[in-house]
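Chain A is the first sequence line, chain B the second, and so forth, proteins listed ahead of strands; every chain is numbered from 1.
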Amino acid sequence: MRVAVDADGEGGGRLREIGADRDSDGALWRVSDLAGAVSDYEHAIPDAPRWVWAATDEVYPPLVGHALRVARCHDVALVESLLLGYHGRFGEARSVGAAWARLHGREVPPDPVIRGTEGAEPPPALFEPDRSTIPPDVDRLRALIEVHADQQRRIAALPHPGRFALLAAVESAGALAAVEMHHDGVPWRPDVHDAVLTGLLGPRPPHGSRPRVLADLEARISAAFGRPVNPDSPGQLLKAFAAAGRSVPSTRSWVLRDVDHPAVPLLLRYKELSRLHSAHGWAWLDTWVRRGRFRPDYVVGGVVSGRWATRGGGALQIPKAVRRAVVADPDWTLVAADAGQLEPRILAAVSGDTALAAAAGADDLYARLAGAFHGDRQRAKIGLLAAMYGQTGGDAAPLLETLRRAYPRALDHVDAAARDGEEGRLVRSWLGRTCPPPSPMWRRLVLDADAPADGDTAARQARERGRFTRNFVVQATAAEWALVFMAAVRRGLAALDTAHGVPRLVFFQHDELVLHVPRRSADDAVAVLRAAAEEARTLMFGATPVRFPLDVAVVDCYADA
DNA sequence: ATTCGCTGCCAC
DNA sequence: AAACGTGGCAGCGAAT
């Protein structure tokens, strides 16, 4: 059963059951306590309803704030975005108001701009701005139900409606998890973080000044050049190296590594530590960690491939050194699960290459490929990654030839995606997420026959898009495997015994999931993870020989995973 | 004072 | 070893 929800922004709202034929109206409920009403529904029926609402990131946080969790939802904005993308209309307004306007031939309102929340706790506003884009003369609940029904029809009309429906469901489940993970937060020990920083940079400097170790390195770098140089300034560094008779094309670490000058080792150390200090130093700690939790703002579907992005806090780039600070609460533990070699396994599954699929039945796929490379696993790995990323330079070419002979269908699959991209067509993931169309500029440059002003540029642009679409079919499918997996984990955790505390999903990063669970529930959590990976494989690919083994670690500290 | 493109490095 | 996909973010430096 589906129930449409319109929150009034003051804790109440209206609910209406959606009939099986999607258009008939169930009873309307007007409630002053929306969280209570939703909670009653969740527990009253054996099979929890799927909540239909405009946007999870608007409707769900207040419910989670009332200690409520729902099992399932249909996020109209996210699904609209997926459907628009499918039809080559990536990026068009996706709010329920915009969808309703398109349905009625009215002027389509732009999506409200998302405000960047600076820090872990944005200042509370007296009045939340009304982010609804539905015209004031239109009943919001009515419009929501109409748009939802239309989305259901549009999904049913697709070539693979079942797959797309799964995509819509897991995208929505992801939106629930994103709100919940923001609410629960990653357990974070400021004292441990501070100790890591102090150990590498020296004691915390007073207000904004440079830590001792960085200041020392800067002085020694300047001394090595015989002139004052700001090591943060690529421009100054280029000049300083040129003046020293050691001209460099850039100041990237891997370039500098081979330069013979006494400043180089100091610079490399400086870059490493300076990066730590500016990206995840004390300022970061002050801004992003509150009451022992780091709460990233996840942006579901924020990446074209369907991977998530985050807003602020750099949650998806936490350096290895800083993971020391992620420590489970006393009597709790972290359970970190990572889908090993996910992308090549995905390629094996979607391409239908039986030889590669057989190799992907092993725990170490690359080791199984090594045979074709005279037993060299590393070369097998580089070759396969090159095939998925579109690398042609370096020593990739012979590796690709070897792979093509052993796994022709897999190579054909990514090559075909690249060709589609180069020729301006759309490509799709397994479940139907679709890449953006090329820009008008790209079309003019690449496809316009009578404007070949610059053939080189056109060819380069075409190849660039080819690499993008080549990678898209794999990365986007990997992202949806991860979503199916996460949705299954979320459901599995909700069914666990909570006598010792409620197991929580606390961190998600592309192909990796971290749970925070009572120590006594650790074994159950691991079982949930393994079952979820199996469920994801079956739901997406049915009876495939491809396996998706999980690396699972039960640890007190994330750095030990 | 703010904005924006660029460089460079972190994660997957 | 080399420059190949998706991103976020800090700092610089020039333009506004």
Side-chain angles (χ1 to χ4, degrees), chain A residues 116 118 208 210 214 229-239 248-258 267-268 270-281 283-284 287-288 296-299 301-323 338-344 346-347 378-379 381-397 399-400 414 417-418 421 427 429 433 435-436 460 463-479 481-482 507-514 558:
Chain A
E118 200 48 43
R210 303 175 84 62
L214 287 182
V229 175
N230 176 0
D232 286 322
S233 167
Q236 290 184 33
L237 283 175
L238 289 178
K239 282 189 194 130
V248 287
S250 80
T251 61
R252 290 171 171 83
S253 301
W254 63 268
V255 170
L256 295 186
R257 225 174 339 254
D258 297 328
L267 254 177
L268 294 177
Y270 177 91
K271 279 169 172 285
E272 196 182 336
L273 294 177
S274 166
R275 161 81 191 181
L276 175 68
H277 175 244
S278 63
H280 288 94
W284 182 93
T287 308
W288 292 103
D297 261 324
Y298 293 101
V299 185
V303 177
V304 286
S305 63
R307 294 193 336 182
W308 291 7
T310 57
R311 216 169 20 231
L316 302 183
Q317 309 139 250
I318 300 170
K320 297 272 164 35
V322 173
R323 296 182 182 190
D338 149 359
Q341 309 171 338
L342 180 57
E343 295 195 348
I346 290 291
L347 175 59
Q378 186 60 18
R379 288 172 70 78
K381 176 178 175 177
I382 290 173
L384 197 50
L385 292 173
M388 292 187 296
Y389 288 157
Q391 180 183 359
T392 50
D395 49 0
L399 303 181
L400 287 172
V414 284
V427 297
S429 70
R433 192 187 304 269
C435 77
R460 188 158 35 75
R463 277 199 306 276
E464 207 169 286
R465 183 170 167 83
R467 282 197 299 276
F468 165 56
T469 50
R470 169 190 295 271
N471 185 254
F472 183 95
V473 295
V474 177
Q475 187 181 115
T477 306
W481 183 93
F507 190 58
F508 174 58
Q509 178 170 241
H510 310 316
D511 59 358
E512 185 183 358
L513 203 51
V514 180
Y558 188 31

- prompt: Over how many whole Å does the gap from Leu268(A) atom CG to dG8(B) atom P extend?
  reply: 13 Å
- request: Round to the nearest Å and state the distance from Arg307(A) atom CZ to dT6(C) atom C1'.
  value: 5 Å
Measure all distances between protein nitrogen or oxygen atoms and nitrogen or oxygen atoms of nucleotides 13-16 of chain C, and list the pairs falling under 3.5 Å.
unit_1	atom_1	unit_2	atom_2	d
dG13(C)	OP1	Ser233(A)	OG	2.6

message: What contact category does Arg467(A) fall into here, base, sugar-phosphate, or nothing, at under 4.0 angstrom with non-hydrogen atoms?
response: sugar-phosphate
task: Please work out if Val474(A) contacts a base, only the sugar-phosphate, or nothing of the nucleic acid, heavy-atom cut-off 4.0 Å.
output: nothing
query: Which part of the nucleic acid, if any, lies within contact of Arg463(A), taking any heavy atom under 4.0 Å across all strands shown: a base, the sugar-phosphate backbone alone, or nothing?
result: nothing
message: Using a 4.0 Å heavy-atom cut-off, does Leu385(A) contact any base of the nucleic acid, only the sugar-phosphate backbone, or nothing at all?
response: nothing
statement: Between CG of Leu267(A) and C1' of dC9(B) the distance, given in whole Å, is 14 Å
task: Confirm from the modelled atom types if Arg252(A) and dC9(B) form a donor-acceptor pair under 3.5 Å, side chain to base only.
output: no
message: At less than 4.0 Å, is any side-chain N or O atom of Lys271(A) found next to OP1 or OP2 of dG8(B)? Yes or no.
response: no
message: Heavy atoms only, 4.0 Å cut-off, all strands: where does Thr251(A) land among base, sugar-phosphate and nothing?
response: sugar-phosphate
message: What is the separation between atom CG on Asp232(A) and atom C1' on dT7(B), rounded to the nearest whole Å?
response: 12 Å
message: Just the rounded figure in Å: distance from C1' of dT6(C) to CZ of Phe468(A).
response: 9 Å
message: Measure CD/Glu343(A) against C1'/dC4(C) and give the value in whole Å, please.
response: 12 Å
- prompt: With sequence neighbours excluded, what pairs up with Gln317(A) under the side-chain contact (heavy atoms from CB on, under 4.5 Å) test?
  reply: Arg275(A)
message: Students often get this wrong, so: under 4.0 angstrom with heavy atoms, is Gln475(A) touching a base, only sugar-phosphate, or nothing?
response: base
query: Using a cut-off of 4.0 Å on non-hydrogen atoms, how would the nucleic acid contact of Ser253(A) be classed: base, sugar-phosphate, or nothing?
result: sugar-phosphate
